[in-house]
**Student:** 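Encoded as structure tokens, here's the structure I'll be asking about.
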Number of protein chains: 2
Amino acid sequence: MEHHQTVTTVSKSMPDRAMLGVRQVLSRGETLYTEDDFAGDWFIVLSGVLRTCRYLPDGHRQVTGFFFPEDVFGLEAPTRRTSAEAVTEVVLMRYDRAFLDGDEEVSLPSLGHARHLLLGALDAAEGRIELLGLRSACERVAGFLLRMDSLMDADGYIFLPMGRADIADYLALTVETVSRTLSLLARRKLLSFRGPQRVLLVSRSQLEELAGGRPWSSPATIVQQNIAYTAQRDGPGHLRTNHYISH
Amino acid sequence: MEHHQTVTTVSKSMPDRAMLGVRQVLSRGETLYTEDDFAGDWFIVLSGVLRTCRYLPDGHRQVTGFFFPEDVFGLEAPTRRTSAEAVTEVVLMRYDRAFLDGDEEVSLPSLGHARHLLLGALDAAEGRIELLGLRSACERVAGFLLRMDSLMDADGYIFLPMGRADIADYLALTVETVSRTLSLLARRKLLSFRGPQRVLLVSRSQLEELAGGRPWSSPATIVQQNIAYTAQRDGPGHLRTNHYISH
DNA sequence: CGGTCTGTTGATACGTGTCAAATCACGTGG
DNA sequence: CCACGTGATTTGACACGTATCAACAGACCG
């Protein structure tokens, strides 16, 4: 996965506006910048996973995004909307803001023009909006897992680099609800866990249904198919009570 | 408000890549494009209000954005992620996608370069993410109202062009919950209504508190100030029961 | 082997969804 | 200008889903 060798050791030797960045490494949990900092640079993840967060006055934390290799972040205007923290060890490229504000067209190594890059960031943000717009914990958790598909290993298992708390704060749920929902989906055999971090999506199609599925077209022909917690029997002992009860 | 005279009647006479758009008018409720359509153009709102929606397989509708004058939308990749529908009568400018994809730098009338425009759209999307990341109905409704500040009249009242259903589908709530929450905030005298569409933000500071407030800094010094429905007495008869009970 | 941290499970309170009905806003026609 | 009809909004009663508080289990580390 460590292909940053091709992109890294650029910069500084060229004095001109040749659009080159600086490579930077963060260790687990390290904070790159904080809310309200001056937003001088923007970044591209080369390896590892990073999260952006807000800390609300009531003490709650909001995770506004996870960023994986090739993802761009930190593009916001004069000050930071969020802080940026390393979920795992992270290697990233730092670019000067002037390269976006300036008049010259920017060409980035292996990522094309600045416009292309911005469109990608916008697309990712809209994906997050769709995810957060889902109503139930089940929908959001299923949607979340489907978006982590790119983290799949050779054996088909997804490795979740972030903890339950990160997921919860990302989906506007509690740790307990995330954990319960994952357990439930596993009991329903839509998922299979190998430790808390490694998960196999057994039935993508059913997960997509839960998550509001592949888009749909017009407001007609409504196929009522509301799969609630209580609407199906479990594996063996068809325990379809509320409160996640199982055993 | 109708300043589109300066921007409108351009286009077509100039054959070259002079970056000019076509003016277009939508009437209330009209659909501009639909999910999965080919995304050939993008748009800027000149007047009126527009919404983008997804229709989920379970019949629910998700409103992923409201767009006001000067807002940009429809920038997504080869096909539409959402449909676009006019909330009020809308006047907009339509631009060809090639102006974004092309190599030449684009300069738009009164909006600067394409990059600037994309950064604006990204900023708006991130604002929506922060809003949807709030947990309770109270927080989201308060946050929503604060973001509608720009719709303020001369008398200080905000005119809400969209119905309760639009707000509900935007905040991932039900119509009833939105209505109840607005009523509650009005009883608490943070709001004052003059008909369902016209609302005055009586206490912005308290609304900001509810909405997760102006950002905050670090994960320390937590000022526990969780204003729940039941945590305060109402105007006269301190009825702090649950279920929104009041009278 | 006893710390702490993360994740899971349980019991219960409470917030929000659902279904139903009343009320209000507003356009139409008398 | 007012009566009426229709749709939007508000309110009520109740069920259900999620938050909360608490306890337990497992992983990692000293």
Side-chain angles (χ1 to χ4, degrees), chain A residues 28-29 58-61 87-88 134-142 160-169 171-187 191 193-199 210 224 226-231 234 239-247, chain B residues 28-29 58-61 87-88 134-142 159-169 171-187 191 193-199 210 224 226-231 239-247:
Chain A
R28 248 176 179 262
D58 66 358
H60 283 309
R61 185 187 64 161
V87 173
T88 66
L134 298 174
R135 329 263 263 295
S136 73
C138 221
E139 289 175 322
R140 291 209 285 267
V141 169
L160 298 172
M162 69 293 284
R164 298 292 187 261
D166 285 336
I167 300 175
D169 292 344
L171 300 178
L173 298 169
T174 59
V175 181
E176 293 94 331
T177 298
V178 170
S179 178
R180 277 189 242 271
T181 304
L182 289 171
S183 299
L184 178 73
L185 293 175
R187 272 202 304 281
L191 302 179
F193 277 92
R194 197 145 77 183
Q197 311 256 93
R198 298 174 59 75
V199 59
L210 280 177
Q224 184 59 318
N226 202 342
I227 300 184
Y229 283 89
T230 63
D234 299 345
L239 301 153
R240 33 95 167 77
T241 50
N242 41 357
H243 297 123
Y244 303 85
I245 294 173
S246 63
H247 311 115
Chain B
R28 252 177 175 260
D58 64 358
H60 283 309
R61 185 186 63 160
V87 173
T88 65
L134 297 175
R135 337 268 262 295
S136 72
C138 220
E139 289 174 323
R140 291 210 284 265
V141 169
F159 179 80
L160 298 172
M162 69 294 283
R164 298 290 187 264
D166 285 336
I167 299 175
D169 292 345
L171 300 179
L173 298 170
T174 61
V175 180
E176 294 93 332
T177 298
V178 170
S179 179
R180 278 188 241 272
T181 305
L182 288 171
S183 299
L184 178 73
L185 293 175
R187 271 202 304 282
L191 303 178
F193 276 93
R194 200 145 76 184
Q197 311 256 95
R198 297 172 60 74
V199 59
L210 280 176
Q224 183 60 315
N226 203 341
I227 300 185
Y229 284 89
T230 62
L239 301 153
R240 30 107 167 73
T241 51
N242 42 357
H243 295 121
Y244 304 84
I245 294 174
S246 63
H247 310 117

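Numbers restart at 1 for each chain; the letters A, B, ... are given by sequence-line order, proteins then strands. Side-chain atoms are counted along with the backbone in the values below, which use heavy atoms only and exclude waters and symmetry mates.
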**Student:** With a 4.0 Å limit, can you tell me whether R180(A) has a side-chain N or O closer than that to the phosphate oxygens OP1/OP2 of dT9(C)?
**Tutor:**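 Negative; the distance criterion is not met.
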**Student:** How long is the line joining CG of L185(B) and C1' of dT9(D), in whole Å?
**Tutor:**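 The answer, rounded to whole Å, is 16 Å.
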**Student:** Write down the distance between CZ (R140(A)) and P (dG17(D)), rounded to a whole number of angstrom.
**Tutor:**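 After rounding, the reported distance stands at 14 Å.
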**Student:** Considering non-hydrogen atoms only, spot the tightest contact between A142(B) and L210(B) and give its length.
**Tutor:**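 Scanning both residues, the minimum pair turns out to be CB-CB, 4.0 Å.
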**Student:** Does T177(B) put a side-chain nitrogen or oxygen below 4.0 Å from OP1 or OP2 of dG17(C)?
**Tutor:**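 The answer is yes; a side-chain N or O of T177(B) sits under 4.0 Å from OP1 or OP2.
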**Student:** Taking atom P of dT12(C) as reference, at what distance in whole Å does atom CD of E176(A) sit?
**Tutor:**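 So the CD-P distance, E176(A) to dT12(C), works out to 16 Å.
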**Student:** Please confirm whether any donor atom in the side chain of R135(B) sits under 3.5 Å from an acceptor in the base of dG15(C), or the reverse.
**Tutor:**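 Counting by modelled atom types and ignoring angles, no donor-acceptor contact under 3.5 Å is found here.
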**Student:** Can you tell me if R194(A) has over 12 outside heavy atoms packed within less than 6.0 Å of its CZ?
**Tutor:**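 Result for CZ/R194(A): enclosed.
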**Student:** Rounded to 10°, tell me the angle between the two end axes of the helix from dC1(C)-dG30(D) to dG30(C)-dC1(D), each built from five pairs.
**Tutor:**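 Answer for the end axes of this duplex: 40°.
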**Student:** How long is the span from the CG atom in L173(A) to the CZ atom in R140(A), to the nearest 0.5 Å?
**Tutor:**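 Output value for this atom pair is 4.5 Å.
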**Student:** S179(B) side chain to V175(B) main-chain N or O, any donor-acceptor pair under 3.5 Å?
**Tutor:**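 Here the side-chain-to-backbone pair does not exist.
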**Student:** Between P on dT10(D) and CG on L191(B), what's the gap in Å once rounded to a whole number?
**Tutor:**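 For the pair L191(B) CG and dT10(D) P, the rounded distance is 11 Å.
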**Student:** I need the CG-P distance between L160(A) and dT6(C), as an integer number of Å.
**Tutor:**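 From L160(A) CG to dT6(C) P: 16 Å.
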**Student:** Please name the pair of heavy atoms, one in V87(A) and one in P161(A), separated by the smallest distance, quoted to 0.1 Å.
**Tutor:**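 So the two residues come closest at CG1-O, 3.6 Å.
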**Student:** If you draw a 6.0 Å radius around CZ in R198(A), do more than 12 non-hydrogen atoms from other residues or ligands fall strictly inside?
**Tutor:**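 Enclosed: over 12 neighbouring heavy atoms sit under 6.0 Å from CZ of R198(A).
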**Student:** Considering every strand and a 4.0 Å limit on heavy-atom distances, what is the contact class for S183(A): base, sugar-phosphate, or nothing?
**Tutor:**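 Sugar-phosphate: the residue S183(A), judged by heavy atoms under 4.0 Å, touches backbone atoms but no base.
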**Student:** Grab the CZ-P distance between R198(B) and dC26(C) for me, whole Å please.
**Tutor:**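 These atoms are roughly 11 Å apart.
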**Student:** Should the side chain of Q197(B) and the base of dC26(C) be counted as holding a donor-acceptor pair, with the cut-off at 3.5 Å?
**Tutor:**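 No, no donor-acceptor pair under 3.5 Å.
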**Student:** Nearest nucleotide by nearest heavy atom, which residue falls closer to the 5' end of DNA chain C, P196(B) or V178(A)?
**Tutor:**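 Counting from the 5' end, the first nearest nucleotide belongs to V178(A).
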**Student:** Send over the distance from H60(A) NE2 to dT18(D) C1', rounded to a whole Å.
**Tutor:**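 To the nearest whole Å, that distance equals 13 Å.
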**Student:** Please classify the nucleic acid contact of L173(B) as base, sugar-phosphate, or nothing, using heavy-atom distances under 4.0 Å.
**Tutor:**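 It contacts sugar-phosphate atoms only.
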**Student:** Would you say the base of dT9(C) and the side-chain of R187(A) have a donor-acceptor pair closer than 3.5 Å?
**Tutor:**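 Under the 3.5 Å cut-off, the side chain and the base do not form any donor-acceptor pair.
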**Student:** Between D166(B) and R61(B), does any side-chain N to carboxylate O distance fall below 4.0 Å?
**Tutor:**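 Salt bridge: yes.
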**Student:** Given atom CZ of R164(B) and atom P of dT16(C), what is their separation to the nearest angstrom?
**Tutor:**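 Whole-Å distance recorded here is 17 Å.
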